[in-house]
Amino acid sequence: MSIPGLLLALVLSLIALAIVAHPLLGAARQRRRSGSSLGLESERVKTYYERVLSNIRDLDEDFATGKISEDDYHAEREVWAQRGIRLLRVQDQLEREGSSPMAGADPERLDRALEEAVAAYRAALQPVPGKGEDA
């Protein structure tokens with residue numbers, strides 16, 4: 001083989017290596033960036049907690065203006081208060097893990113907690129058996 005042929009083979013090999021290594025290096029960068037996922041989880045919990053507080057305020061206003069009955073008000077307020085408590089617990093746990101951003105970070109845990117809160121909300125919206133529709 002001639003010198004120009006060897007140089008061309010070397011250049012093509014380096015190009016092929018760069019093409020193969022690029023996605024692998026990008027994945028490593030993405031893992032480093034995911035260290036901030038704990039902050040994103042915390043932000044999601046705060047946002048959902050603010051929604052819970054807003055719903056409680058709306059519920060209080062509806063009760064004060066007589067739009068809902070006292071029984072419905074107390075039942076609904078209890079559901080929202082329990083959601084708020086669960087979210088505060090998740091937030092506390094995230095803050096404890098925040099001292100070491102990647103220590104025990106489990107994005108699935110937050111998703112499960114939010115899904116449970118949504119399921120509880122949907123269950124609360126279902127009509128209560130034995131209660132009339134005319135309420």
Side-chain angles (χ1 to χ4, degrees):
M1 240 185 170
S2 66
I3 300 274
L6 287 173
L7 289 176
L8 181 63
L10 179 65
V11 168
L12 290 176
S13 297
L14 289 175
I15 290 173
L17 181 64
I19 290 172
V20 170
H22 186 314
L24 298 175
L25 294 175
R29 272 188 240 120
Q30 182 65 29
R31 279 193 301 269
R32 273 186 258 128
R33 274 191 228 137
S34 70
S36 64
S37 68
L38 191 62
L40 293 174
E41 289 179 24
S42 179
E43 198 59 38
R44 285 177 58 195
V45 170
K46 286 179 186 176
T47 301
Y48 192 72
Y49 182 71
E50 289 171 5
R51 286 184 203 158
V52 168
L53 291 178
S54 174
N55 286 340
I56 289 174
R57 279 187 224 113
D58 291 344
L59 192 62
D60 290 343
E61 183 179 320
D62 287 348
F63 178 66
T65 58
K67 291 182 181 178
I68 60 173
S69 70
E70 186 173 351
D71 292 337
D72 290 341
Y73 166 74
H74 289 298
E76 195 67 26
R77 195 170 202 295
E78 180 63 26
V79 168
W80 284 107
Q82 290 301 318
R83 282 190 201 131
I85 290 169
R86 278 183 283 190
L87 288 166
L88 287 175
R89 287 181 182 150
V90 169
Q91 183 64 34
D92 286 344
Q93 188 172 4
L94 288 172
E95 287 176 4
R96 281 193 302 267
E97 291 173 1
S99 60
S100 170
M102 288 306 288
D106 182 15
E108 296 298 320
R109 183 182 65 336
L110 177 63
D111 288 339
R112 282 191 304 272
L114 290 175
E115 287 298 324
E116 288 171 7
V118 169
Y121 172 72
R122 288 183 179 150
L125 291 179
Q126 297 298 320
V128 177
K131 224 177 188 191
E133 292 281 329
D134 54 89

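If you're wondering where the values come from, they're calculated on a predicted model, not measured in any experiment.
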What heavy-atom pair brings [X] and [Y] nearest, and what distance separates the two atoms?
X     : Y     : value
Pro23 : Ile19 : CD-O, 3.2 Å
Val45 : Leu87 : CG1-O, 3.5 Å
Arg83 : Val52 : CB-CG2, 4.3 Å

Straight-line distance of [X] [atom1] to [Y] [atom2], nearest 0.5 Å:
X     : Y     : atom1 : atom2 : result
Glu41 : Gln93 : CD    : CD    : 10.0 Å
Ile15 : Leu10 : CD1   : CG    : 10.0 Å
Leu7  : Leu12 : CG    : CG    : 11.0 Å
Tyr48 : Arg86 : OH    : CZ    : 8.5 Å
His22 : Leu17 : NE2   : CG    : 13.0 Å
Leu8  : Ser13 : CG    : OG    : 9.0 Å

Contacts of Arg77 that satisfy salt bridge (charged side-chain N to carboxylate O under 4.0 Å, His left out) - sequence neighbours left out
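Arg77 satisfies salt bridge (charged side-chain N to carboxylate O under 4.0 Å, His left out) with Asp60 once adjacent residues are dropped.
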Considering residues at least two apart in sequence or located in another chain, which fulfil the side-chain contact (heavy atoms from CB on, under 4.5 Å) criterion with Leu88?
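Result, side-chain contact (heavy atoms from CB on, under 4.5 Å) vs Leu88: Tyr49.
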Among pairs that include at least one residue of residues 68-92, which meet ring-ring contact (aromatic ring centres under 6.0 Å, His included), considering only residues two or more places apart or in two chains?
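Residue pairs with at least one partner in residues 68-92: Phe63-Tyr73, Trp80-Tyr121.
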4.5 Å side-chain heavy-atom contact, Ile85 and Arg89:
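They are in side-chain contact.
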